[in-house]
Every structure is written in C-alpha cells, then in structure tokens.
Amino acid sequence: MIGDNEDCHSLCDSVNLLEEGCRLPVRMHSTNDWTLAELISVKEVMGVKYYYVHYVDFNKRLDEWVTEDCLDTRKVQYPHRDGATAPGTGCATPKKHSRPPSPSSIIAEPVNGSAVLQAALQKRISRKRKGTFLDNEDSQEATNPVGTQPTVAGPRPTGSMVTHHHDDVVTRMKNIELIELGRHRIKPWYFSPYPEAMVNLPCIYICEFCLKYRKSRKCLERHLVKCNLRHPPGNEIYRKGSISFFEIDGRKNKNYAQNLCLLAKLFLDHKTLYYDTDPFLFYVMTDFDSRGFHIVGYFSKEKESTEDYNVACILTLPPYQRKGYGKLLIEFSYELSKFEGKTGSPEKPLSDLGLLSYRSYWAHTILDILINVKPLVDNEKAQITINEICELTAIKKEDVISTLQHLNLINYYKGQYIVTLNNVIMDQHAAAMEKRSIRIDSRCLNWQPKDWSVRAKW
C-alpha cells in the first residue's frame, strides 16, 4: 500500500498528467497567493510549457499564462466525464476518456477571429435573430428576444453584441497582448475577435478617432496622414467644457460602430460580438484638447426598445476609470430618457463593474431627491412617492425600489412603507457628492428624440 501511495503522489507531482479542466492551487502573480484555479489550456514556446489558468471565483480579467513553477500539482482535482470537477483533492489518477483535440494547438497559433465571427453569425442567422450585444452567459438567465413570447427560449438583442451560451476555450482566453490607443497603452482584459493577422502581434495600434486598427506604429502613422477625422462621426449633441457627446447611428456609420464594438469587447467579458449594428445608436463621450476629441467611453441603446431599456452596453475605457466618467455616462443616458419623457433602465445582467457604478449612481441620485424634498406645509414632514422619484430621475420603478432596499432605507410602519434617513447616510452622501466634480448640464444638450417606429429608415 505504501508503494502504491508513493506511485500515486509521483503521478500527481508530474505536470504531464494535467489536462484542460483540472483544478489546482496556482500562485497568482498579482498577489503571490496560492489560489484555486482551473486549467484552460496549455502551450509550448521554445521548449517551455505555459498554462492558461482561470482563478475560481475571480473575474476573468485576472486570467493569465503561468509557468510550471506556479502550479501546486500535489492538490489536483481532475474533471469528471460530465465536465464537473472531482470532489476533494489528492492524487486520483485522471480518467482516460475520449476528448476533443487539445486547444493548445489552437492557442499556439493565432486565434482566427473571422472564423469565430462566421460561426456566430451562422448561428444567429439559423435562429433568425437580429441583435448585437447581449448579456452575461455565466451566471444569469437568458432573456427573450424582442417581439417574441416568453415561451420562446433564447437571448434578446441588447446593443451590438450577443450572449455567448457555450463557453468554448477560444473565447475564454485573452487573444490580444496589448493595444495602443492615442497616448495610452492598455492591456486588454478579455477575448475580442480581431482578424487573425492581428492576434499574434505584440501590440495592435488603433486610431483613436476612427478606431481602425493597424499592425505597426508606422502603419498607423501613414493612416493618420490620410485620416481626416478628429472626432467620432455623427452629431455632437452635448458639449460642456472639454466633455462632448456624439450620437452615432449604427446603420449610417457601420464601420465605426463595428470597430467600436471590437474595442469594447476587449474590456467586456459578458458580451459576444456580432456585426449587426443597424438597430442601435452609440453615444460616445470624448475629452477635447488641441489634438482633437479623444474617446473616453460610450454606451449603446436600441433605437426601439419594447422594455424601455435606455442602455444596452456601457463602457469607460481603463485609462479613464475611477475618475467619475462612468457615472457621467450613466447620468447622460438618464438625461436622454428625461428628454424622451420616459423612465429607463439598463439591460441586465450588468457586469461586475457596471453593477457597482449603477448602484452608486442610483443611490446618490435618489438620496439627493429625498434629502432636498420640501414639505408641502410648514412644520410637517416631507412626503414623496416612488412614482414621483421615478418622474424626477427617469429611473425605472424597479430600480428605485431595489436601491432603497439595498440601502436599508425602506421600513414597514403602520400598514405602509416609509423611507427613513439617518445622519450617517446623509453624511456619506454629502461626501460622495462633493467628489463628483463633473456633472451633466441639461442646458448644454442639443438633441431631439426620434420616433424610430415611424422613421424606420432613419
């Protein structure tokens, strides 16, 4: 028995037995902690093996290639036949069963983004759906397509990308090493189906005005000589200080919209890109200086939304995150809803960062209303209804209620719900509002909503 155990341990210590789907402790480079991770793929470069791992219960933007010295092969969990991971740790010999070819051969070569797109498009055509971004395949239920009955299964269009239901190995792995966008060099977080010729380059160079991608800086410099854009195409509908918003029609400016989606997919895990941008509008926020209007972030929305969604997809580019621009994008989307005379809500589920931004925006916007509401009669308590909050903020009723519940502000008292504010909440709100140095000024918005149901050919 002792000899058998020694043989078993020696097998577990050998990285040659590792296969895709195994789970084991891996040293995470960002923290140097040993964290449980799933092995996604293996590749060999110049005689050195590299292992692509996903850290369990962590966001996929932390996924990375590691070397053998980062693996703890003493505690390997092998996958079952049904794809589940074997319970417990130890050195059970992996089951030998038929498997598809290892994706290591795919990953060692550049990922064919065109092939991925073609397969996705074919799948979309077969289902007779139009759409672009759809949300989160990982942990949320798929919603129904616009215009169908609830009994019809499948995703619904949400803004220039579509839900990806089978989590295949290729799209689970980052395929772009680095991008250069204007003065910024950015490490992508997720897979994006750029053309095959691009994905094995050390860096992709992107024109920050038209968003076309080039193989080298020299190619980009030649492009910039010819490119006459210094701002996104479309109409500038808002400007205050250096901040501007441009409205881009996905049908009239198809190339720009598609390039924008490719760029955005690098930082959005819960989106899979399709090229049908016609049903969507894109609102691009820029920061102006002497060189032009530099893209900060954007959101897209359906031209016609049966459920009053005012945002399909939203992104602040990494160099501009944690500076208040995310809330500015959200605030602008609700300002458009106010002009349309309706309440709005973003497509759900939201990404982890998107959910944080929206919860923060909803909380501070609603608290601002509650704190500043005036009583109708002197010496009486101020009163306001949920519907009145919705009308003032353009936030949908469900989001208002969920926010008040999240803040523990709603209480049931004598047969009715009341909202109670305490000094701690009010002080926290005041401090947060002081930090918001940039806000949307509705007087600077030059925009008229269109009735897309009537103007189908706009």
Neighbour count >12 (heavy atoms, 6.0 Å) for atom NZ, Lys338
yes
Ring centroids only, cut at 6.0 angstrom: are His231 and Phe246 within range, meaning strictly under it?
yes
Electrostatic pair Glu208:Arg291 at N-O distance under 4.0 angstrom:
yes
Residues that Ser244 engages under side-chain hydrogen bond (donor to acceptor under 3.5 Å, both in side chains), provided they are two or more places apart
Glu236
With sequence neighbours left out, the residues meeting side-chain contact (heavy atoms from CB on, under 4.5 Å) with His364 are Lys327, Ser360, His429, Ala432, Met433, Arg436
Taking all atoms of both residues into account, what is the closest heavy-atom pair of Pro232 and Val284, and its distance?
CG-CG1, 3.8 Å
Going by salt bridge (charged side-chain N to carboxylate O under 4.0 Å, His left out), name the residues that satisfy it together with Asp399, two or more places apart in sequence or in a different chain.
Lys348
Pro188 side chain near Ile179 side chain, heavy-atom distance below 4.5 Å
yes
List the residues meeting side-chain hydrogen bond (donor to acceptor under 3.5 Å, both in side chains) with Arg27, not counting sequence neighbours, and say none if there are none.
Asp69
Which atom names give the shortest non-hydrogen contact between Ala37 and Val26, and what distance separates them?
CB-CG2, 3.7 Å
Counting only heavy atoms from other residues, nucleotides and ligands, does the tally under 6.0 Å from CG of Asn446 exceed 12?
no
Quick one: which of Asp289, Asp287, Thr286 gives a side-chain hydrogen bond (donor to acceptor under 3.5 Å, both in side chains) with Ser242?
Asp287
Main-chain N/O of Asp63 paired to Lys174 side chain as donor or acceptor, under 3.5 Å:
yes
Quick one: side-chain hydrogen bond (donor to acceptor under 3.5 Å, both in side chains) partners of Thr420, sequence neighbours excluded?
Asn411
Identify, with sequence neighbours excluded, every residue that meets side-chain hydrogen bond (donor to acceptor under 3.5 Å, both in side chains) alongside Arg61.
Asn59, Tyr190, Asp352
When you compare the side chain of Glu331 with that of Leu328, does any pair of heavy atoms fall below 4.5 Å?
yes
Listed by chain and number, what are the salt bridge (charged side-chain N to carboxylate O under 4.0 Å, His left out) partners of Arg443, not counting sequence neighbours?
Asp441
Tell me which one of Phe288, Tyr238, Phe209 satisfies ring pair (Phe, Tyr, Trp, His ring centres under 6.0 Å) with Phe293.
Phe288
Give a yes or no on whether a salt bridge exists between Lys303 and Asp278, defined as a side-chain N under 4.0 angstrom from a carboxylate O.
no
Side-chain donor-acceptor contacts of residues 311-321 below 3.5 Å, not counting sequence neighbours, with atom names and distances?
residue : atom : partner : partner atom : Å
Gln321  : NE2  : Thr316  : O            : 2.8

I want to check something: taking the side chain as every heavy atom from C-beta on, are Leu201 and Lys215 in contact at a cut-off of under 4.5 Å?
yes
Could you tell me whether the side chains of Glu38 and His54 share a donor-acceptor contact shorter than 3.5 Å?
no
Any idea which heavy atoms bring Cys390 and Thr343 closest together, and the distance?
O-CG2, 3.7 Å
Can you name the residues that form a ring pair (Phe, Tyr, Trp, His ring centres under 6.0 Å) with Tyr283, not counting sequence neighbours?
Phe299
Mind checking side-chain contact (heavy atoms from CB on, under 4.5 Å) for Asn422 and listing every partner two or more places apart, or none if nothing turns up?
Val424, Ile425
Could I get the full list of salt bridge (charged side-chain N to carboxylate O under 4.0 Å, His left out) partners for Asp368, not counting sequence neighbours?
none
Minimum heavy-atom distance between Tyr358 and Ser333, given as atom pair plus value:
OH-OG, 4.3 Å
So, do Tyr325 and Ile438 sit near enough that their side-chain heavy atoms are less than 4.5 Å apart?
yes
Please name the pair of heavy atoms, one in Glu302 and one in Tyr309, separated by the smallest distance, quoted to 0.1 Å.
OE1-CD1, 4.4 Å
Residues which pass salt bridge (charged side-chain N to carboxylate O under 4.0 Å, His left out) with Glu64, listed by chain and number, not counting sequence neighbours:
none
Flag side-chain contact, heavy atom, 4.5 Å: Ile206 against Asn259:
no
For residues Trp362 and Thr403, report the shortest heavy-atom separation together with the two atoms involved.
CB-OG1, 3.4 Å
Would you confirm whether the ring centroid of Phe332 sits within less than 6.0 angstrom of the ring centroid of Phe245?
yes
How about Pro193 and Lys265: do any of their side-chain heavy atoms sit closer than 4.5 Å?
yes
Determine whether Glu20 and Ile40 make a side-chain contact, defined as any pair of heavy atoms from C-beta on separated by less than 4.5 Å.
no
